[in-house]
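Lettering of chains follows the sequences in order, A, B, ..., and the numbering in each one begins at 1. Any value given below was found using the heavy atoms of this structure, including those in side chains, with hydrogens, waters and symmetry copies removed.
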Amino acid sequence: MYSLTEGALDKIMNGIEVDKPILQILGHKKLSNSNSGDRYRLLVSDGKRVNSFTMLATQLNSMITDNVLTEFCICQINKYAISIVNNGDKKKRVMVILNIDMKVPGEQVGQKIGNPTNAEADGDSKSTTQPGQSAQTVPQQQSTLIPKHNVQQASISDIITTPIVALSPYHNRWVIKARVVSKSSIRTWSNSRGEGKLFSMDLIDESGEIRCTAFRDQCDKFYDMLEVDKVYYISKAILKSANKQFNNLKNDYEMTLTGDSEIIPCHDAGNDIPSLQFDFIPISDIEQKQANDIIDVLAIVKSCGDLQMLVSRNTGRDMKKRNVILVDESNITVSLSLWGTQAEEFNRSDNPVLAIKGARIGEFNGGKNLSTLSSTVMQIDPDIPAAHKIRGWFNTLGHNEETKSLSRTFENMTDSTGSLITFAEAKANNLGEKGVDVYTVKAVINFLRSENSLYKSCPSENCKKKVIDQANGMFRCEKCNKEYPNFMYRLLGNISLADWTDNLWVTTFNDEAEKILDATAAELGELKDNDNDVFLEKFNNATFKSFIFKIRAKMETFNENRLRTTCIGIIPIDYRAYNKHLIAKIKDLAGIDNV
DNA sequence: CCCCCCCC
């Protein structure tokens, strides 16, 4: 027979401390239906009472998803906090489980223990506060806001803290005690609604996590004082619904600092506020994940690329990027893109260990890659056991192991594995006919059609569709199904490329079109299709016109099944600062000696 | 009040 701590729930719900009660889980319910922001409400029993006002700290969500806390299992609650929430017009105590051990699996227990009854009636009447009084102003309830076990002495003794998981827009009198686990850089914005600057940080305590953003004045006021990894008391900030599109923390809300907000450093946080928790997955698992998934990895920097300067195709903004190749004990490598200052500063050939929290999975050319976001935490050579383990592995074995890459990068597209192909091979393999294919060829510019090289395009971001002049002076975009008062000129060049096997018309847009218009004209003259002998001779004598072209081919079903081939890159490139060693490698591979 | 997170 399994014994539960009978009577524990009545005591807990009435503010009486119970040390490590043994309870049975009778069920759970997901409170949020978003993928990232799940919170779980549990139905628990002490054998005498059942209670559904029980929440699991979000850090413990995996105990639900990994089927540890299954129906009928028996658990020991090592640590909990009581939070007071509004339930209709009543105040209701909620037990937030902060630390729990599963003692007997549900399948072994197999049934509900005892005949517990619903404790609602009791709990409600006793825990309802007098109207108009918030929980924090009632002395006997203040103590219930403090976690019940392992309470640390606060440096400011009268600060009563609320667990992050209990925050909501419906309360404003709270103080949280939380650790800053990440802090973005200060960013400025400017749009039709105004301009300003901001930064955001991610906060955790033992109950959960939340994003906090500071705008304008608050940005200046708080940026320098807040340090990653330190603990602060934060109060008088505003809660609002989290926008899940941009915030993947496990919380339905996010926090905004205001002029009234108070942030006080906590110098003696002890161990009651956890540090950043990683949930590492092996690099080999990334292959099965979806693009845009957010993951944690622990890996060795196998190699570190040069800093690249590029211009965003969408925004026209200058960008700094650095790709590093990560490897772990799965002997699989993945490319990680770093951006901005981090890209600039991360120039390491000494194979450091990286512990990365919250990198985003990207997909390119059929491969997977990783990219950092502003919320990504990157620890270099962290002093954690797993880091020492992977360091040992790399130093002894890993550095010599053969690896396989999940990423198809620009760099490894032109490596010695032979991905440089001929037009004949592209056509023989029907590239582009079943989905998108990207391939590289060494070719010459055979002919350039410069007529109509400027067109009026849709002014909306990311849409390059040609607009139709309307009689009313508006411009219609068929793709957006919308009329605009304006348009954007875009460059479009149709060029005929040829190698010694075949030729191909490709379309070029903006950057590439510009390069081509600048770089070369049709000095070789137009050749007839398949005039290979004549062409081969000219090709051989005209190395100054040969380039590596990156072609994107795709069958466009809406356009009478025409294979659309677009030039999306030209190497060697005078215009973009690709790695010197990469250019050297391409020169070597392609036999180009005068780029 | 941001909401960009990029590139091939």
Which one, B:dC3, B:dC2, B:dC8, comes nearest to the side chain of A:Asn243? B:dC3
Distance to the ring centre below 6.0 angstrom and angle to the axis at most 45 degrees; does that hold for A:Lys183 and A:Tyr223? yes
With the stacking rule set at 5.5 Å and 30°, tell me whether A:Phe364 counts as stacking on B:dC8. yes
Could you tell me the separation between the CE atom of A:Met255 and the P atom of B:dC3, rounded to a whole number of Å? 21 Å
Rounded off to whole Å, could you give me the CG-to-P distance for the A:Asn247 and B:dC1 pair? 13 Å
Please report, rounded to the nearest Å, how far the C1' atom of B:dC7 is from the CE atom of A:Met319. 5 Å
Can you check whether any acceptor in the base of B:dC5 is under 3.5 Å from a donor in the side chain of A:Gln342, or vice versa? no
Ring centroids of A:Phe215 and B:dC1 base under 5.5 Å with planes under 30°: yes
Applying side-chain hydrogen bond (donor to acceptor under 3.5 Å, both in side chains) as the test, list every pair that has at least one member in residues 280-290 of chain A; sequence neighbours left out. none
Under 4.0 Å from OP1 or OP2 of B:dC8: is there any side-chain N or O of A:Arg552 that close? no
Between A:Asn191 and B:dC2, is there a contact of a side-chain N or O with OP1 or OP2 at under 4.0 Å? yes
Shortest side-chain distance from A:Phe246, nucleotide among B:dC7, B:dC3, B:dC2: B:dC3
Pair of N/O donor and acceptor under 3.5 Å linking B:dC4 base with A:Ser374 side chain: yes
Length of the CZ-P vector between A:Arg211 and B:dC4, whole Å: 14 Å
Between B:dC8 (C1') and A:Trp339 (CH2): distance, integer Å: 9 Å
Figure out the CD1/P separation between A:Ile186 and B:dC5, and round it to whole Å. 20 Å
Between A:Phe346 and A:Ile380, does the side-chain contact (heavy atoms from CB on, under 4.5 Å) criterion hold? Intermediate values first, please. CA-CA 10 Å; A:Phe346 194 91; A:Ile380 303 171; 3.8 Å; yes
For a quick check of understanding: with a heavy-atom distance under 4.0 Å over all strands, which category does A:Ser200 fall into, base, sugar-phosphate or nothing? nothing
Any A:Arg193 side-chain N or O less than 4.0 Å from OP1/OP2 of B:dC2: yes
After noting the C-alpha distance and the side-chain angles of A:Lys357 and A:Asp202, does the key distance pass the salt bridge (Lys or Arg N to Asp or Glu O under 4.0 Å) rule? CA-CA 12 Å; A:Lys357 173 90 192 164; A:Asp202 291 347; over 6 Å; no
Using a heavy-atom cut-off of under 4.0 Å over every strand shown, decide if A:Lys240 touches base, sugar-phosphate, or nothing. base
Could you give the CD-to-P distance, from A:Gln245 to B:dC5, as a whole number of Å? 10 Å
Rounded to the Å, how far apart are A:Arg216 CZ and B:dC1 C1'? 5 Å
Donor-acceptor pair, distance only, cut-off 3.5 Å: does the side chain of A:Arg211 make one with the backbone of A:Asn247? no
